[in-house]
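Position 1 is the first residue of the sequence; numbering continues from there.
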Amino acid sequence: MGCSSINCNVVLTEAQGEFKSPCYPQKYPNAQTCKWTLQAPAGFIIQLSFLDFELEEAQDCMYDWVMVNTGNTESKFCGLTASGLTLNSTRNVMEISFVSDFSIQKKGFMVSFQHVAVALRNQKVKIPNVNGQVAEVANSVSIPALSELTICFEVERVGFNQKEWLFTYYDTNNNVALSFGYNQTGMQMVIDGVICPVESIISAANFTSSMKPFCVLWTSSNGRVAVYFNGNYLGKTCSSSSGHNVTAGGVFQLGGVQSFKGNMYNLRLWNRAMTVQELNTMTCDMVGNIIDWDNSQWTISSSLAQTDNTLSCICYPHCTHLTAAAPTSGLLSCWKVNLHPRSPGFLPGLYLNSPDQLPCACWRNHPHSMMLPPPCFTLGIICSGESAVLVFCYI
C-alpha cells in the first residue's frame with residue numbers, strides 16, 4: 001500500500017503543526033483527493049505557510065491543484081506559485097484541498113500552521129438571530145443602573161427584515177430594558193419599557209452596506225434621545241422616558257427577537273451622555289467605561305466573528321491609536337515586506353527580506369494594517385509606493 005494509503009482527509013485542532021501531501025518529498029500518487037480542515041478555538045485565526053510547493057503546472061490549474069479556503073475566499077494554486085506563501089483565515093476554520101489527476105506527478109508540498117490570537121478590535125460580528133448563536137456581553141461584566149448613556153458602534157447591512165433590532169438589553173426578569181432598532185412603524189429606542197420613536201432623527205435607510213459609525217444617547221433627567229452619525233448630532237425629547245432608569249444586572253446582546261441583518265463592530269457603552277464636542281473628537285479606540293469591544297468582555301459564537309482588514313480600528317498585537325508620526329520611543333528595526341500579488345486572505349502572502357535602511361518616519365496611516373507575529377506590527381505603507389509595507393519590530 002505504501003504512503004498512498006495514508007489518510008489525508010483529517011481535522012487538525014492542534015495549536016501548531018505541519019502536514020504534507022502524500023509521499024512528500026517523493027512524488028504524490030495519481031488520482032489523489034485530500035482535505036485538511038484546520039480548526040482553532042474562538043478568538044483565534046489560522047496562519048498557514050507553504051514551506052515547499054511543487055505541483056504540475058497548467059493553465060487555470062486544471063490538472064493538479066491545491067485549493068485554500070480562508071473563510072471568505074478560495075484560491076487555487078499549482079506549479080510553484082504557493083511556495084513561500086503565508087495566508088491567514090478570516091475565521092477560526094481553514095480548509096485546504098488537494099487533487100491530482102491521472103498523469104504527471106511532482107513532489108507535492110509541505111505546510112506549517114499555527115493558531116494566532118485575534119483581538120476583537122480586529123473582528124466584526126454577524127448579528128445573530130435566535131438560533132442558538134450568541135453575541136452578548138460576558139457575565140463577568142457588571143452593568144450598573146443607568147440614568148444616562150452613550151452607545152457607539154459601527155454596522156453594515158447585508159439584508160432587510162420587517163423588524164430589525166441592532167442591540168437589546170434584558171433586565172433580570174427578561175424584560176426589554178433597552179433596545180434600538182426598526183419596528184415597521186419606524187426606528188425606535190426602548191428605554192425601561194418606554195417606546196421612544198426616533199424615525200424623525202434616524203431611519204433604517206441610514207444603515208447601508210458600508211460599515212459606518214453611529215452613536216445613540218439618552219438622558220433620564222430630560223428624556224432627551226439623540227443620535228450622532230456622519231458628523232451630525234440630532235436629538236428629540238421622549239418625555240415619557242424622563243425619570244426612568246435602565247436597571248442593573250441584565251444581559252446585553254447584539255440583535256433581538258428579530259435581528260438586524262448585518263455585521264456589528266466596535267460597540268462601546270458609557271454611563272453618561274456625551275457632549276457634541278466629545279462625539280466630534282472621539283477616536284475608535286476610546287474605551288467604553290461600561291462595555292468595550294474587547295475579547296474579555298464578550299461571549300461570541302466562533303462562527304459569527306470574522307476578521308476584516310478594512311475595519312476602522314485594527315490593531316496588533318495591542319490596540320494603540322496610531323498618530324500621523326512615527327513612534328518617538330523604543331528601539332525599532334525597519335523591514336521591507338513585499339506583497340505577493342496573488343495572495344488572498346486577511347494577511348497577504350509576505351516575502352520578508354533582510355532589514356532595509358529605511359527611515360522609520362517614512363510611512364503614513366493605512367487602514368489595511370496587517371496582522372504579524374509579535375513583536376512585529378505594521379504602521380503603514382512605504383512612501384515610495386503602495387506595493388510594499390513598512391513593518392516595525394521591537395528589538
Asks: Between F167 and F252, does the ring centre distance come in under 6.0 Å?
Replies: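 Judged by ring-centre distance (under 6.0 Å), F167 and F252 do meet the cut-off.
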Asks: Roughly how far, to the nearest 0.5 Å, is the CG atom of N266 from the CD1 atom of I314?
Replies: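 CG of N266 is found 11.5 Å from CD1 of I314.
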Asks: Of all heavy-atom pairs between C284 and S312, which one has the smallest distance, and what is that distance?
Replies: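 Heavy atoms of C284 and S312 come nearest at SG-O, 3.8 Å.
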Asks: Decide whether N245 and D192 meet the rule of one side-chain donor and one side-chain acceptor closer than 3.5 Å.
Replies: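 D192 and N245 do not have a side-chain donor-acceptor pair below 3.5 Å.
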Asks: Heavy atoms only: give me the nearest R91-S303 pair and the separation to one decimal.
Replies: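 Scanning both residues, the minimum pair turns out to be NE-O, 3.8 Å.
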Asks: Is there a side chain to side chain contact (heavy atoms under 4.5 Å, CB included) between I46 and H115 once you walk through the steps?
Replies: CA-CA 5 Å; I46 298 155; H115 297 173; 4.1 Å; yes
Asks: Please confirm whether the backbone N or O of G250 pairs with a side-chain atom of D171, one donor and one acceptor, at under 3.5 Å?
Replies: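 Between the backbone of G250 and the side chain of D171 there is no qualifying donor-acceptor contact (under 3.5 Å).
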Asks: Tell me if the NZ atom of K20 is crowded by more than 12 foreign heavy atoms within 6.0 Å.
Replies: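 Incorrect, the count does not exceed 12.
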Asks: Evaluate W270 against I290 for side chain to side chain contact (heavy atoms under 4.5 Å, CB included), listing each step before the verdict.
Replies: CA-CA 5 Å; W270 292 266; I290 304 299; 5.7 Å; no
Asks: Could you tell me whether a side-chain N or O of R224 sits under 3.5 Å from a main-chain N or O of L217, the two making a donor and an acceptor?
Replies: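 No; judged by distance alone, with no hydrogens or angles, the pair does not exist.
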Asks: Do any N or O atoms from the side chain of N9 and from the backbone of K35 form a donor-acceptor pair under 3.5 angstrom?
Replies: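 Between the backbone of K35 and the side chain of N9 there is a qualifying donor-acceptor contact (under 3.5 Å).
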Asks: So, for I201 and F229, which heavy atoms are closest and what is the spacing to 0.1 Å?
Replies: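 Looking at all heavy atoms of both residues, the closest pair is O-CE2, 3.8 Å.
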Asks: If Ile, Leu, Val, Met, Phe, Trp and Tyr residues are connected whenever their side-chain heavy atoms lie under 4.5 Å apart, and connections chain through other members, are V276 and L234 in the same group?
Replies: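 Different clusters.
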Asks: Apply side-chain hydrogen bond (donor to acceptor under 3.5 Å, both in side chains) to residues Y228 and N280 and explain how you reach the verdict.
Replies: CA-CA 9 Å; Y228 180 84; N280 284 334; 2.5 Å; yes
Asks: Establish whether L269 and V198 are linked, either directly or via other cluster members, by ILVMFWY side-chain heavy-atom contacts under 4.5 Å.
Replies: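 In one cluster: yes.
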Asks: Return yes if some donor-acceptor pair links the side-chain N/O of E278 with the main-chain N/O of T275 below 3.5 Å, else return no.
Replies: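 A pair under 3.5 Å: yes.
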Asks: Linking I/L/V/M/F/W/Y whenever their side-chain heavy atoms sit closer than 4.5 Å, directly or via other members, would V251 and V141 fall into one cluster?
Replies: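 No, V251 does not connect to V141 through the hydrophobic network.
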Asks: Report the C-alpha distance between Y265 and V155 in whole Å, list the side-chain angles of each, state the deciding distance to 0.1 Å, and finish with yes or no for side chain to side chain contact (heavy atoms under 4.5 Å, CB included).
Replies: CA-CA 6 Å; Y265 175 63; V155 68; over 6 Å; no
Asks: Short question: side chain of S241, backbone of V194 - any donor-acceptor pair under 3.5 Å?
Replies: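 No.
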Asks: Examine M274 and V246 and state if one hydrophobic cluster contains both, with Ile, Leu, Val, Met, Phe, Trp and Tyr joined whenever side-chain heavy atoms are less than 4.5 Å apart.
Replies: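 As far as the 4.5 Å side-chain criterion goes, V246 and M274 are not connected within one cluster.
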Asks: In the structure I gave you, are the side-chain heavy atoms of L55 and Y63 within less than 4.5 Å of one another anywhere?
Replies: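 Not touching, per the 4.5 Å side-chain cut-off.
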Asks: How many angstroms lie between CG in L149 and CD1 in I191, if you round to the nearest 0.5 Å?
Replies: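 So the CG of L149 and the CD1 of I191 are separated by 7.0 Å.
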Asks: Donor-acceptor check, side chain of T81 to backbone of F77, threshold 3.5 angstrom: yes or no?
Replies: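 Pair absent, no side-chain N/O of T81 close to backbone of F77.
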Asks: Please tell me if the side chains of N122 and I45 come closer than 4.5 Å, counting only heavy atoms from C-beta onward.
Replies: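 A side-chain contact is absent here, since even the closest heavy-atom pair is not under 4.5 Å.
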Asks: With under 30° as parallel and over 60° as perpendicular, where do the rings of F53 and F50 fit, or are they tilted in between?
Replies: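 Ring orientation of F53 relative to F50: perpendicular.
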Asks: Kindly give the heavy-atom pair with the smallest separation between F113 and E18, and that separation in Å.
Replies: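 The answer is CE2-N, 3.7 Å.
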Asks: Does any non-hydrogen side-chain atom of S259 lie less than 4.5 Å from one of N129?
Replies: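 Yes, their side chains come closer than 4.5 Å.
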Asks: Look up atom CG in L267 and atom CD in E154, then write down how far apart they are to the nearest 0.5 Å.
Replies: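 It comes to 10.5 Å.
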Asks: Could you pull out the closest heavy-atom pair between L80 and E57, with the gap in Å?
Replies: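 Distance-wise, the nearest heavy atoms are N-OE1, 4.1 Å.
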Asks: Does any N or O in the side chain of S49 come within less than 3.5 Å of the main-chain N or O of L51, such that one atom is a donor and the other an acceptor?
Replies: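 No: the side chain of S49 does not pair with the backbone of L51.
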Asks: May I ask you to test the V10-F19 pair for a side-chain heavy-atom distance under 4.5 Å?
Replies: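 No, side chains not in contact.
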Asks: Do the side chains of L254 and F260 get nearer than 4.5 Å, heavy atoms only?
Replies: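 Not touching, per the 4.5 Å side-chain cut-off.
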Asks: Cut-off 3.5 Å, no hydrogens considered: what does the side-chain donor-acceptor table look like for residues 93-108, sequence neighbours left out?
Replies:
{"residue": "S100", "atom": "OG", "partner": "P29", "partner atom": "O", "Å": "2.9"}
{"residue": "S100", "atom": "OG", "partner": "A31", "partner atom": "N", "Å": "3.3"}
{"residue": "S100", "atom": "OG", "partner": "Q32", "partner atom": "N", "Å": "2.8"}
{"residue": "D101", "atom": "OD1", "partner": "S103", "partner atom": "N", "Å": "3.1"}
{"residue": "Q105", "atom": "NE2", "partner": "Y28", "partner atom": "O", "Å": "3.1"}
{"residue": "K107", "atom": "NZ", "partner": "D52", "partner atom": "OD2", "Å": "2.8"}

Asks: Could you walk me through whether Q188 and W165 pass the side chain to side chain contact (heavy atoms under 4.5 Å, CB included) check?
Replies: CA-CA 9 Å; Q188 297 178 351; W165 299 99; 3.6 Å; yes
Asks: Name all residues meeting the side-chain contact (heavy atoms from CB on, under 4.5 Å) criterion together with Q184; count only those two or more places apart in sequence or in a different chain, and write none if there are none.
Replies: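 Testing Q184 for side-chain contact (heavy atoms from CB on, under 4.5 Å), a comparison that skips the adjacent residues, returns Q162, K163.
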Asks: For the side chain of T247 and the backbone of A145, is there at least one donor-acceptor N/O pair under 3.5 Å apart?
Replies: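 Not at all, since once roles are kept as given, no pair shorter than 3.5 Å links the two residues.
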Asks: Evaluate the side-chain proximity of N161 to Y182: yes if any heavy-atom separation is below 4.5 Å, no if none is.
Replies: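 They are not in side-chain contact.
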Asks: Between D292 and R121, does at least one N-O distance fall below 4.0 Å, as a salt bridge requires?
Replies: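 Answer for the salt bridge query: yes.
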Asks: Hydrophobic cluster membership, with links at side-chain heavy-atom distances under 4.5 Å among I/L/V/M/F/W/Y: are W36 and W65 in one?
Replies: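 No, separate clusters.
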Asks: Are any side-chain N or O atoms of T237 and backbone N or O atoms of S239, one a donor and one an acceptor, separated by less than 3.5 Å?
Replies: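 Flag not set: sc T237 to bb S239 has no pair under 3.5 Å.
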Asks: Using the ring centroid of each side chain, check whether Y169 and W218 are separated by less than 6.0 Å.
Replies: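 Here the rings of W218 and Y169 have centres that are no less than 6.0 Å from each other.
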Asks: Would you check if there is a donor-acceptor pair between the side chains of T310 and D308 at a distance under 3.5 Å?
Replies: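 A pair is found: one side chain offers a donor N or O, the other an acceptor, under 3.5 Å apart.
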Asks: Going by side chain to side chain contact (heavy atoms under 4.5 Å, CB included), L178 matches just one of T168, V190, I151. Which one?
Replies: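 With L178 as partner, side chain to side chain contact (heavy atoms under 4.5 Å, CB included) holds for just one option, I151.
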Asks: Please answer whether the main-chain N or O of N175 pairs with a side-chain N or O of N173 as donor and acceptor at a distance below 3.5 Å.
Replies: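 No; zero donor-acceptor contacts below 3.5 Å.
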Asks: Measure across P41 and N92 and return the closest heavy-atom pair with its distance rounded to 0.1 Å.
Replies: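 In terms of heavy atoms, the two residues are closest at O-CB, 3.7 Å.
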Asks: Heavy atoms, side chains only, cut-off 4.5 Å: are Y170 and V176 in contact?
Replies: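 Side-chain contact under 4.5 Å: yes.
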Asks: To the closest 0.5 Å, what do you measure between OG (S209) and CD (E156)?
Replies: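 That separation rounds to 8.0 Å.
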Asks: Tell me yes or no: between the side chains of T307 and T90, is some donor less than 3.5 Å from an acceptor?
Replies: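 Absent: no donor and acceptor within the cut-off.
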Asks: Quick check: do N263 and Q306 have side-chain heavy atoms less than 4.5 Å from each other?
Replies: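 A side-chain contact is absent here, since even the closest heavy-atom pair is not under 4.5 Å.
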